Participant: 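Just dropping this structure here.
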Amino acid sequence: MSEHNLYLYNSLTRKKELFKPVTPPNIGMYVCGPTVYGEPHLGHARPAITFDLLFRYLKHLGFKVRYVRNITDVGHLESDADEGEDKILKKARLEQLEPMEVVQLYSDIYHDKMQELNVLRPSIEPRASGHIIEQIQMIQKILDNGYAYVTNGSVYFDVQKYNQKYKYGKLSGRVLEDLLSSDERTEGHIRKLDGQDEKKHPADFALWKKAEVEHIMRWPSPWSDGFPGWHIECSAMGAKYLGEVFDIHGGGIDLLFPHHECEIAQSQAANGKEAVRYWVHNNLITINGQKMGKSLGNFITLEQFFTGKHSLLKKVFTPMTIRFFILQAHYRSTIDFSNESLEASEKGLQRLFKAIHSLEKIIPTEKSTVDIQSIRDKCYAALNDDLNSSVLISHLFDSVKTINLIISGSESISAEDLETFKKLFHIFVFDILGLTEENKQSESDNLLKEVVNLLLNLRQEAKAKKDFATADKIRSDLVGLGFTIKDRKDGYEWEY
RNA sequence: GGUCACGUGGUCGAGUGGCGAGGCAAAGGUCUGCAAAACCUUACUACAGCGGUUCGAAUCCGCUCGUGACCUCCA
């Protein structure tokens, strides 16, 4: 393991902190995964890519990382529904499928899309439905420790009791008293939610919920036939696979409250320990400055990006364009989607890959006029500073310029430096940023290739005869069909 | 109403006290029959507003305006 000093911004302390694993060289990382009741969308891509970058970088630094990312597939209620109906159950009815069939379907699609984005599979991908026993055991521990109570077969976390000994709200900066008063101050009516009158305090949250008769997804427990509360799965599965204290817990900033706040309380109440050392949160992607949401009509699935089939999209955006677009911003900044910004990323990415190809063609000289070592140091410094991929990419673009200057003869590079340079690009572009070159679609279509070459050969003949009218007509007609024609000294190139 | 963020040039997006990150777009140039592409060069044109601290602030502090996220069973 090299001597790198990685600093990460810890949401808990609101500071960048030097990252020190609990038990080096092992690292435990837990990230909140998707709820598999719908198509994966742009909002799923950001946390997946952010923590993929962290996963890749930690491994590159020589750590042995166990990366756990859960799949939520049980009984959670829908806020905009009139009655508390299980999200997954509702979808199942609509599509006439078994609940677990829905879960399987959308899990598969999620995996497909993540693979297209070149997101590495986590080490363990546990499902909430497969860990009911662990969740029940944890709830029992919290009950035994006196931080929960049972009402009508449901179990609630006693936030007031907890707050007497520990501080509830340390992550989100919320104060229990404010949570109370904000309800009272809310104009109009207080939202009347199922089970609200079963709780001692409005801030209490469910650990176990008794299922209504029509509720299909249910499991037996000491308290009732029901299903686990929303926050307990992450606490239970995190502890099971990473231990009672582990290094990194990640997720979207939208999960900070109440989800992660509740996780902290649950783990503390159950095990008497602060479970997580570093809380890492990625920011959101906005569309025209707004959070993406189904109700706002600006909801774009990954499939729609990859096929260009959405009214807000001007064209197809490939998975790598999406990935690069996300990596061009720092993970803690909001990033605003637009066709223009994605097109800019697409072009930038192409330029990066062209330079990598040029790198292979460089012929080394005796001495170097460029400083490869300092580029390398800057790249590491960028990542060590809270995973600043944006700055890293700017250094890579500086290197692109360097490559082009070497090609043009303005600069030169020694064989040894060239090797280092190639290795550096390989490490940062492919291994750490996880960028890959996408295959041109026309590759399989040999017939098309032949036909276009035929036409361009005719054009070459026309040019040789100075018949530029014919040459230009062939070119402009092909361009009209969407081809790009590039004349070369000794021929031509084209792409579609 | 509460909590927390944010407001940077045409645009996207870094930077958190003192040499104007970078991408895209734009302009000029090289190349070329002309283009396209590629590459090179350039813009002293940016830090929401007002005040304060400081030798010096986009960067720290205060206020104002604006935007966003979260605010008890939505993960």
Side-chain angles (χ1 to χ4, degrees), chain A residues 11 14 32-37 70 72 76-81 84 87 128 154 156 159 169 172-175 177-187 190-191 193-196 198-199 201-207 209 229-231 233-234 251-259 261-262 283-284 286 289-291 324-325 328-330 332-338 340-349 351-352 354 358 378 382 385 388-398 400-401 404-405 407-408 410 463 466 468 471-472 475-476 479 484-489 493-495:
Chain A
S11 303
R14 289 155 212 258
C32 291
T35 304
V36 281
Y37 69 92
N70 66 299
T72 297
H76 297 306
L77 303 172
E78 210 163 31
S79 63
D80 52 352
K87 258 183 183 176
S154 291
Y156 294 96
V159 174
S172 59
R174 281 173 171 77
V175 181
E177 290 71 37
D178 291 344
L179 291 174
L180 240 184
S181 51
S182 70
D183 287 328
E184 289 163 350
R185 230 178 273 135
T186 306
E187 292 199 17
I190 294 167
R191 278 203 284 164
L193 292 161
D194 184 36
Q196 199 62 355
E198 293 180 347
K199 303 198 303 197
H201 186 279
D204 291 352
F205 54 91
L207 297 172
K209 196 88 174 87
W230 316 276
H231 316 301
E233 64 174 87
C234 292
I253 201 167
D254 50 328
L255 299 175
L256 197 137
F257 188 87
H259 185 55
E261 195 72 73
C262 295
N283 218 315
L284 307 172
T286 57
Q290 275 189 314
K291 187 190 177 183
F324 191 61
F325 171 66
Q328 267 191 305
H330 184 240
R332 282 194 290 119
S333 298
T334 54
I335 181 170
D336 197 46
F337 157 83
S338 69
E340 290 69 29
S341 52
L342 275 178
E343 278 172 355
S345 291
E346 183 178 46
K347 286 184 182 163
L349 184 61
R351 192 158 154 245
L352 188 63
K354 271 179 186 144
S358 302
K378 282 182 193 167
D385 184 13
N388 200 326
S389 53
S390 181
V391 168
L392 167 62
I393 288 169
S394 81
H395 295 318
L396 292 176
F397 275 114
D398 285 341
V400 167
K401 189 181 259 186
N404 291 330
L405 287 172
I407 294 280
S408 73
S410 309
K463 276 170 70 180
K466 304 266 183 217
F468 295 122
D472 287 353
R475 182 175 61 194
S476 68
V479 167
T484 305
I485 311 299
K486 301 173 197 171
D487 286 357
R488 295 288 177 215
K489 280 203 179 78
E493 277 180 30
W494 64 270
E495 50 189 52

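Since the model is a prediction, treat every value here as computed from it, not as a measurement.
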Participant: Rounding to an integer number of Å, can you tell me how far A:His259 NE2 sits from B:U3 C1'?
Facilitator: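 Roughly 19 Å, once rounded to whole Å.
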Participant: Considering just the side-chain nitrogens and oxygens of A:Arg351, establish if one lies under 4.0 Å of OP1 or OP2 belonging to B:G22.
Facilitator: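 It does not, given that no N or O in the side chain of A:Arg351 lies less than 4.0 Å from OP1 or OP2 of B:G22.
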Participant: Taking atom C1' in both B:A27 and B:G15, what distance in whole Å separates the two?
Facilitator: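 Each nucleotide's C1' atom is 27 Å from the other's.
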Participant: For the pair A:Asp472 and A:Arg475, find out whether any cationic side-chain nitrogen is under 4.0 Å from an anionic carboxylate oxygen.
Facilitator: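 Here A:Asp472 pairs with A:Arg475 in a salt bridge, since their nearest N and O are under 4.0 Å apart.
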Participant: Under 4.0 Å between a Lys/Arg side-chain N and an Asp/Glu carboxylate O for A:Asp398 and A:Lys378?
Facilitator: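 Result for this pair is no, no salt bridge flagged.
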Participant: Would you say the side chains of A:Ser333 and A:Asn283 form a donor-acceptor pair under 3.5 Å?
Facilitator: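 Side-chain D/A pair, A:Ser333 to A:Asn283: absent.
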Participant: Identify the pairs formed between an N or O of the protein and an N or O of nucleotides 6-12 of chain B at a distance under 3.5 Å, and give each distance.
Facilitator:
none

Participant: Please figure out whether A:Asp487 or A:Phe397 has its closest RNA chain B nucleotide nearer the 5' end.
Facilitator: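 Taking each residue's closest nucleotide, the earlier one in sequence belongs to A:Phe397.
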Participant: Looking only at side-chain N and O atoms, does A:Arg14 come under 4.0 Å of OP1 or OP2 in B:C4?
Facilitator: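 So the side chain of A:Arg14 is outside the cut-off, no N or O lying under 4.0 Å from OP1 or OP2 of B:C4.
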Participant: Look at the side chain of A:Asn388 and the backbone N and O of A:Val391, then say whether any donor-acceptor pair between them is shorter than 3.5 Å.
Facilitator: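 Yes, the answer is positive, given that a donor and an acceptor are paired below the 3.5 Å cut-off.
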Participant: Donor-acceptor pair, A:Lys199 side chain versus A:Asp204 backbone, under 3.5 Å?
Facilitator: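 Yes; at least one donor-acceptor contact below 3.5 Å.
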Participant: Within the structure shown, what part of the strands sits under 4.0 Å from A:Ser345 by heavy-atom distance: base, sugar-phosphate, or nothing?
Facilitator: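 A:Ser345: no heavy atom of the nucleic acid under 4.0 Å.
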Participant: Determine whether a donor-acceptor pair (N or O, by modelled atom type, separation under 3.5 Å) exists between the side chain of A:Glu233 and the backbone of A:Ala128.
Facilitator: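 Pair absent, no side-chain N/O of A:Glu233 close to backbone of A:Ala128.
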Participant: Let's see if you can work this out: which of B:C40, B:C24, B:G13 has an atom nearest to the side-chain heavy atoms of A:Ser390?
Facilitator: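 In terms of side-chain proximity for A:Ser390, the closest of B:C40, B:C24, B:G13 is B:G13.
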Participant: Is a donor on one side and an acceptor on the other found under 3.5 Å between the side chain of A:Ser358 and the backbone of A:Lys354?
Facilitator: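 Between the backbone of A:Lys354 and the side chain of A:Ser358 there is a qualifying donor-acceptor contact (under 3.5 Å).
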Participant: From B:G23, B:G33, B:G13, pick the nucleotide closest to the side chain of A:Gln328?
Facilitator: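 Taking heavy atoms from C-beta onward, the closest nucleotide is B:G23.
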Participant: Among side-chain atoms of A:Asp336 and A:Thr334, is any donor-acceptor pair under 3.5 angstrom?
Facilitator: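 No donor-acceptor contact under 3.5 Å links the two side chains.
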Participant: Among the nucleotides B:A37, B:A14, B:G22, which one has an atom lying closest to any side-chain atom of A:Ala329?
Facilitator: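 Taking heavy atoms from C-beta onward, the closest nucleotide is B:A14.
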Participant: Which is true for A:Ile485 with a 4.0 Å heavy-atom rule: it touches a base, it touches only sugar-phosphate, or it touches nothing?
Facilitator: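 The answer is base, as A:Ile485 lies within the cut-off (heavy atoms under 4.0 Å) of a base atom.
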Participant: Look at the rings of A:His231 and A:His259 and say which category their plane angle falls in: under 30° parallel, 30 to 60° tilted, over 60° perpendicular.
Facilitator: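 Because their plane-to-plane angle lies in the 30° to 60° range, the rings of A:His231 and A:His259 count as tilted.
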Participant: Does a nitrogen or oxygen in the side chain of A:Lys347 sit under 4.0 Å from OP1 or OP2 of B:G23?
Facilitator: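 So the side chain of A:Lys347 is outside the cut-off, no N or O lying under 4.0 Å from OP1 or OP2 of B:G23.
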Participant: Can you find an N or O donor on one side and an acceptor on the other, under 3.5 Å apart, linking the side chain of A:Asp385 with the base of B:G15?
Facilitator: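 No, the side chain and the base share no sub-3.5 Å donor-acceptor pair.
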Participant: Between A:His330 and A:Asn70, which is nearer to the 5' end of RNA chain B once each is assigned its nearest nucleotide?
Facilitator: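 Between the two, 5'-proximity favours A:His330.
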Participant: Hunt down any stem RNA chain B takes part in, defined as 3 or more consecutive Watson-Crick or G-U pairs whose two distances are each under 3.5 Å.
Facilitator: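 Looking at RNA chain B, the stems formed by three or more consecutive pairs are B:1-7 with B:65-71, B:10-12 with B:22-24, B:26-30 with B:38-42, B:48-52 with B:60-64.
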Participant: Could you check whether the side chain of A:Arg475 and the base of B:C34 have a donor-acceptor pair of N or O atoms closer than 3.5 Å, going by distance alone?
Facilitator: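 Indeed, a donor on one side and an acceptor on the other fall under 3.5 Å apart.
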Participant: Side-chain N or O of A:Asn388 versus OP1/OP2 of B:A14: is the shortest distance under 4.0 Å?
Facilitator: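 So the side chain of A:Asn388 is outside the cut-off, no N or O lying under 4.0 Å from OP1 or OP2 of B:A14.
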Participant: If we take the C1' atom in both B:U32 and B:U42, what is their distance in whole Å?
Facilitator: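 My reading of the C1' atoms in B:U32 and B:U42 gives 23 Å.
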Participant: For A:Gln328, is there any backbone N or O sitting under 3.5 Å from a side-chain donor or acceptor partner on A:Ser390?
Facilitator: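 Yes; at least one donor-acceptor contact below 3.5 Å.
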Participant: Where the side chain of A:Asp472 is defined as all heavy atoms beyond and including C-beta, which of B:C34, B:A37, B:G22 is the nearest nucleotide?
Facilitator: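 Looking only at heavy atoms from C-beta outward on A:Asp472, the closest nucleotide is B:C34.
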Participant: Just call it for A:Ile253: base, sugar-phosphate, or nothing, with non-hydrogen atoms closer than 4.0 Å on any strand.
Facilitator: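 Nothing: the residue A:Ile253, judged by heavy atoms under 4.0 Å, touches no strand.
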Participant: Any side-chain N or O of A:Asn404 below 4.0 angstrom from OP1/OP2 of B:A38?
Facilitator: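 Looking at the OP1 and OP2 atoms of B:A38, neither is under 4.0 Å from any side-chain N or O of A:Asn404.
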Participant: Compare the minimum distances between each of B:C40, B:A21, B:A14 and the side chain of A:Lys401, then state the nucleotide with the smallest one.
Facilitator: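 Within the option list, the nearest is B:C40.
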